[in-house]
Each structure stands twice: as structure tokens, then as C-alpha cells.
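Take a look at the structure below.
Quick caveat: nothing in here was measured; it's all calculated off a predicted structure. FYI, side chains are in, hydrogens and waters are out, and symmetry mates aren't considered; it's all heavy atoms of this structure. Ligands are counted one by one from 1 in listed order, and the atoms in each one are counted from 1 as well.
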Amino acid sequence: MKALITGITGFVGSHLAEHLLGEGIEVTGTMRSHSSLRHIRHLLPDMCLYECELMDAQAVERMMADIRPDLIFHLAAQSFVPLSWESPAETMTNNIVGQVHLLEAVRKLGLASKVLIACSSEEYGHVEEDEVPVKETNPLRPISPYAVSKIAQDYLGYQYFKTYGQHIIRTRTFNHHGPRRGEQFVSSNFAKQIAEIEKGLKPPVLYVGNVDAKRDFTDVRDVVRAYRMAMDNCEAGEIYNIASGQCHEIREVIRILLSYSTVDITIEEDKTRLRPSDVKVLVGDYSKFYEQTGWKPEIPFEQTMKDLLNYWRNE
Ligand code: GDD
């Protein structure tokens, strides 16, 4: 069995590659010319890398003709919400057009690949208090350009399933974190700051943004297990939430991380970290996915936080 992971050099891509290789699946990953290999260097002897710009339709088609994958995990995207306000057009182009090229290549080559599209809980956007935990049927009320781009990816998947019968599975994954998480994302950013303070590289001040926000965090290692199970068990054309079902205020993330540190640290709001509009609460109902696959998250929130802090301590 051959799997293609778009965006393999990223946080989720590297964990997914490890997981698939562990199952004896042949793995090829796409990367951009300037991507760092640091998260996947240890896997390079066992997998193939393909330098491919998803904005280049012909390059995508050439790559797909070469690989002819059975499974495609489409992860490559601009995934940082704040960047989508700074560069809305780039976010739209990268996330939407890249996927169009991928699905067009599947269509033109007549491939029977199963495609998993990594959609996002950000698509739900503004959620009323009485709508949590959010089901797949909840209205989508996006409040960032990123969320709009993910809705487009989501519905493009639906359209290619309906129009061409492609085997497309759409997953709306809630926040996920763990070792190798990019330093711009909340828990990883705080863990990195704490590790740097412990090493004496920074004064003992933790800079934070909106600590009132509530999110549903799943460990990335549980998420990649879910993606693999989705390919075997989920129905084409359907949409599935992947979540922990638990709600954590961002101030709780800070409290737990600080409880693992012996250094005295004060907390300061950094106004540049506040967003033009921020989703207040996201908690997912993953019962549809559970019923289809039997998947449940296994790694406790506290364990992920410890692993994340240790990851930055060792960097
Ligand atoms: N990044 C960041 N940095 N966020 C902070 C900070 C900070 O210093 N302080 C508070 N926050 C708050 C944000 O305002 C937001 O409410 C929450 O923490 C989570 O922020 P992020 O970690 O940046 O994640 P996100 O929820 O915006 O988006 C992530 O999850 C989505 C799934 O719902 C990303 O991984 C997306 O790519 C993903 O689709």
C-alpha cells in the first residue's frame, strides 16, 4: 500500500509518516523547496520525498503520475490563523488552489486513491454556548480568512465526491498539539517560552494573548491514528469531527505548564497576540467518528503538556 502525505515536513505530517511506516505502509511526502527537514530527518532512509509546489498544477500531475498513491493525506496548508489576517489572499490561494490541483490530478489520471482532507474546527467559527459540544451538523460561521479557506477545502472535497465519485473523507480536526508543534501555536509557544526562561535565555515573564478562549485539544499522536483509521472505515463524502470532547480555557494551559516548572514566572498580556476576532469556544462531539471507527483519544492532556515542555527543554 502506498501513501502520499502532502506537507510531510510539518508537525502532523512527520507524526503521520512515523505512524504509517510503523504499519508497513510505503510513504512518500511532498515538500516545498525551502522546507526544513528537521522533523523527518530520522525517517528519510525509510521513505521518499518529493519536492513539489502544489501551486504548480503540472508539477502536481507529474508527481501523481509517478507515485499513483492508494492513500492521500492532504495536510499541506497555511495553518496559522493570525497569518490569515496578514495575508488573506495567500492563505486562500495556498489552501484552496493547492487542493484543486491535487484533486484535478486524481481526476485526470483516473486514480482510485482515497483522499483525506484535513479540514478544521475553525470552520465552525462563532459557536453559541448551547451548541457545544459541536456536531458536524452545526452551522459554519467562520470568523477568520483561514476558516473560510478551510470551508472551501471542505466543500471542494464534497463537490469532487459528488461530481466525480472520488473517495474523499473530510475530517474537521479540533486543536491538536504535542512534540514538534510549531512555536507560533498557543501551547507550544508557552512551553517554548518557559523552557527558554528555565535555561536563563529570557527574563521570567510569560507573554500571552487571549487567555479566556476555550479550546478542545487532542494529542497529535492520537490524531494521526485517527487519520489512518479514517481511511479504512469512514464513508466517502462524509464529514467527521476529530476531537477530545474536553474543554480547556487557555489560562488552564498556562497553569498546567507552569505547574511542571520550578521557576517563578509572571504572566503578562502582549497586545500584539490578540486577534481581530477570536473564536470564543470550540469543543467537539466526536461520536460520529467513534461510531464509524472505534477511535477514542488515549493520551491525557497533562501528558501531552509534559511531552511538549520536555520537547522544548531538549531543543
Ligand atoms: N497562538 C497563540 N499565541 N494563541 C494564543 C496566545 C498566544 O500567545 N495566547 C492566547 N492564545 C489563544 C488564541 O487567541 C486562540 O484563542 C487559542 O489560544 C488557540 O490559538 P492557536 O494555538 O493559534 O490555535 P487556533 O485555535 O487559532 O487554530 C489551531 O487549531 C485549528 C483547529 O481548530 C490551528 O492549529 C489551526 O490550524 C487548526 O485548524
Among all protein heavy atoms in this structure, tell me which lies nearest to [atom], with the distance rounded to 0.1 Å.
atom: atom 28 (O) of ligand 1; result: Val81 CG2, 3.7 Å
atom: atom 9 (N) of ligand 1; result: Gly209 N, 2.8 Å
atom: atom 37 (O) of ligand 1; result: Ser79 O, 2.6 Å
atom: atom 31 (C) of ligand 1; result: Ser120 OG, 3.7 Å
atom: atom 17 (C) of ligand 1; result: Ile250 CD1, 3.9 Å
atom: atom 8 (O) of ligand 1; result: Arg273 NH1, 2.7 Å
atom: atom 25 (P) of ligand 1; result: Asn175 ND2, 3.7 Å

Under 4.0 Å to a heavy atom of [X] - the qualifying atoms of ligand 1, by number:
X: Asp278; result: 13 (C), 14 (O), 15 (C), 16 (O)
X: Phe80; result: 1 (N), 23 (O)
X: Ser121; result: 32 (C), 33 (O)
X: Phe190; result: 6 (C), 7 (C), 8 (O), 9 (N)

- [ ] Could you walk me through whether Leu20 and Arg228 pass the side-chain contact (heavy atoms from CB on, under 4.5 Å) test, one step at a time?
- [x] CA-CA 8 Å; Leu20 298 181; Arg228 172 68 191 105; 3.5 Å; yes

[atom]: which of [options] has the nearest heavy atom?
atom: atom 12 (C) of ligand 1; options: Val12, Leu206, Asn210; value: Asn210
atom: atom 39 (O) of ligand 1; options: Tyr207, Phe174, Tyr146; value: Tyr146
atom: atom 21 (P) of ligand 1; options: His177, Arg275, Glu122, Gln184; value: Arg275
atom: atom 4 (N) of ligand 1; options: Val279, Leu83, Val186; value: Val186

Only residue of Arg215, Glu249, Lys214 satisfying side-chain contact (heavy atoms from CB on, under 4.5 Å) with Val281 is Lys214

ask   = Would Leu75 and Ile5 satisfy side-chain contact (heavy atoms from CB on, under 4.5 Å), going step by step from the backbone distance to the final call?
value = CA-CA 7 Å; Leu75 308 181; Ile5 303 176; 3.8 Å; yes

Does any N or O of ligand 1 fall below 3.5 Å from an N or O anywhere on Asn189, backbone included?
no

(Q) If I apply the N/O under 3.5 Å rule, does Ser187 come out as touching ligand 1? (A)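 In fact, backbone or side chain, Ser187 has no N or O that close.
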
*Checking side chain to side chain donor-acceptor pair (under 3.5 Å) against Arg172, which of Tyr286, Tyr124, Tyr240 comes through?*
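Of the listed residues Tyr286, Tyr124, Tyr240, the side chain to side chain donor-acceptor pair (under 3.5 Å) partner of Arg172 is Tyr124.
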
Quiz item: For Tyr290, does the OH atom have more than 12 heavy-atom neighbours from other residues, nucleotides or ligands under 6.0 Å away?
Solution: no

Look at the rings of Tyr155 and Tyr158 and say which category their plane angle falls in: under 30° parallel, 30 to 60° tilted, over 60° perpendicular.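 Geometry flag for Tyr158 against Tyr155: perpendicular rings.
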
- Parallel, tilted or perpendicular, as decided by the 30° and 60° cut-offs, for the rings of Phe301 and His248: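 The rings of His248 and Phe301 lie parallel, inter-plane angle below 30°.
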
Any link between Ile67 and Leu49 through a network of hydrophobic side chains (Ile, Leu, Val, Met, Phe, Trp, Tyr) touching at under 4.5 Å?
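Ile67 and Leu49: separate clusters.
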
Going by the 4.0 angstrom heavy-atom rule, the piece of Ala213 near ligand 1 is side chain

Going by the 4.0 angstrom heavy-atom rule, the piece of Arg215 near ligand 1 is side chain

Below 4.0 Å from ligand 1: does a non-hydrogen atom of [X] turn up there or not?
X: Val211; value: no
X: Arg181; value: yes
X: Thr173; value: yes

**OP:** Compute whether any side-chain donor of one residue and acceptor of the other, for Asn95 and Gln99, lie under 3.5 angstrom apart.
**Re:** no

Report task. Check whether any side-chain heavy atom of Glu53 sits under 4.5 Å from a side-chain heavy atom of Met63, and report yes or no. Result -> no

- prompt: Does Arg107 make a cation-pi contact with Tyr164 (under 6.0 Å, within 45 degrees of the axis)?
  reply: yes

Self-check item: Donor-acceptor contact below 3.5 Å, side chain Lys202 vs main chain Ile194
Solution: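 It does not hold such a pair.
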
* **Whether Asp216 side chain and Gly245 backbone form a donor-acceptor pair below 3.5 Å** => yes

